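Read the structure below first, then the notes.
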Amino acid sequence: MNGELYRKLLAERYGPLDRLETERLPSAVDRAESVTGTTEEQWRRQVRDIAMRYGWRLQYHTADSRRSDPGWPDEVFGHLGQRRTLFVEFKTDTGRIRPAQREWLSHLADSGFEVAVWRPHDLPTVLRVLGPARQRATLPANFRRPTR
């Protein structure tokens with residue numbers, strides 16, 4: 001997708017864009033347009049780059065999850081200006097959520113936090129949550145809560 005077409009689509013979806021947003025985002029999305037077929041790590045890095053471009057300066061990722069308690073989300077984003085904290089689990093389009101992940105995601109969402117499971121096909125949602133639309137992150141409609 002070329003930059004001009006992308007700016008037009010953004011303007012149609014979100015209304016007029018200020019010059020800063022128009023200049024900042026095309027490079028992030030030009031690189032993110034081929035996210036289908038990427039690994040979970042590639043997808044996570046692409047979203048992290050988009051988040052930085054939108055001002056999400058606080059970002060945490062456990063470097064080696066094998067030494068951590070199971071289930072904690074892949075990434076935590078913080079936006080100081082918006083006073084928002086976002087917990088995200090990244091999956092490929094076919095990746096499965098493990099029981100411990102399901103439990104943590106449910107707990108965080110039920111506790112009032114913004115929680116998401118993002119797959120490469122969710123790029124439009126990612127842009128709405130991280131970008132100027134400031135849509136609240138939620139778990140997918142088909143998310144199955146753990147049985148208790």
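What you see is a predicted model, and the numbers here were worked out from it, not measured in a lab. By convention here, the first residue in the shown sequence is residue 1.
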Do [X] and [Y] belong to the same hydrophobic cluster, where Ile, Leu, Val, Met, Phe, Trp and Tyr are linked whenever their side-chain heavy atoms lie under 4.5 Å apart, directly or via other members?
| X | Y | value |
| --- | --- | --- |
| Leu127 | Trp56 | yes |
| Ile50 | Leu86 | yes |
| Met52 | Val76 | no |
| Val88 | Val117 | no |

Test of understanding: with side chain to side chain contact (heavy atoms under 4.5 Å, CB included), list the residues that count as partners of Ser111, not counting sequence neighbours.
His107, Phe113
Quick check for you: to the nearest 0.5 Å, what is the distance between [X] atom [atom1] and [Y] atom [atom2]?
| X | Y | atom1 | atom2 | value |
| --- | --- | --- | --- | --- |
| Glu89 | Glu75 | CD | CD | 10.5 Å |
| Arg128 | Arg136 | CZ | CZ | 15.5 Å |
| Phe77 | His61 | CZ | NE2 | 10.0 Å |
| Gln42 | Thr92 | CD | OG1 | 11.0 Å |
| Tyr54 | Leu130 | OH | CG | 8.0 Å |
| Trp118 | Gln46 | CH2 | CD | 13.5 Å |

Who pairs with [X] by salt bridge (Lys or Arg N to Asp or Glu O under 4.0 Å), at least two apart in sequence or on another chain?
| X | value |
| --- | --- |
| Arg134 | none |
| Arg84 | Glu114 |
| Glu41 | Arg44, Arg45 |
| Arg102 | none |

Apply the hydrophobic cluster definition, ILVMFWY joined by side-chain contacts under 4.5 Å directly or through others, and give me every member besides Leu80.
Leu58
Within the distance-only criterion (no hydrogens, no angle test), does the side chain of Trp43 pair as donor or acceptor with the backbone N or O of Phe90 below 3.5 angstrom?
no
Looking at residues at least two apart in the chain, or sitting in another chain, which of them share a side chain to side chain donor-acceptor pair (under 3.5 Å) with Arg66?
Asp64
Among residues at least two apart in sequence or on other chains, which ones pass side chain to side chain donor-acceptor pair (under 3.5 Å) with Thr62?
Tyr60
If you look at every heavy atom in Arg119 and Asp93, which pair is closest and at what distance?
CB-OD1, 3.5 Å
Please examine the side chains of Asp74 and Glu40, heavy atoms only from C-beta on, and report whether any two atoms are closer than 4.5 Å.
yes
Are any non-hydrogen side-chain atoms of His79 and Arg57 less than 4.5 angstrom apart?
no
Please tabulate, for side-chain N and O atoms in residues 137-144, each donor-acceptor pair with protein atoms closer than 3.5 Å (sequence neighbours left out).
none

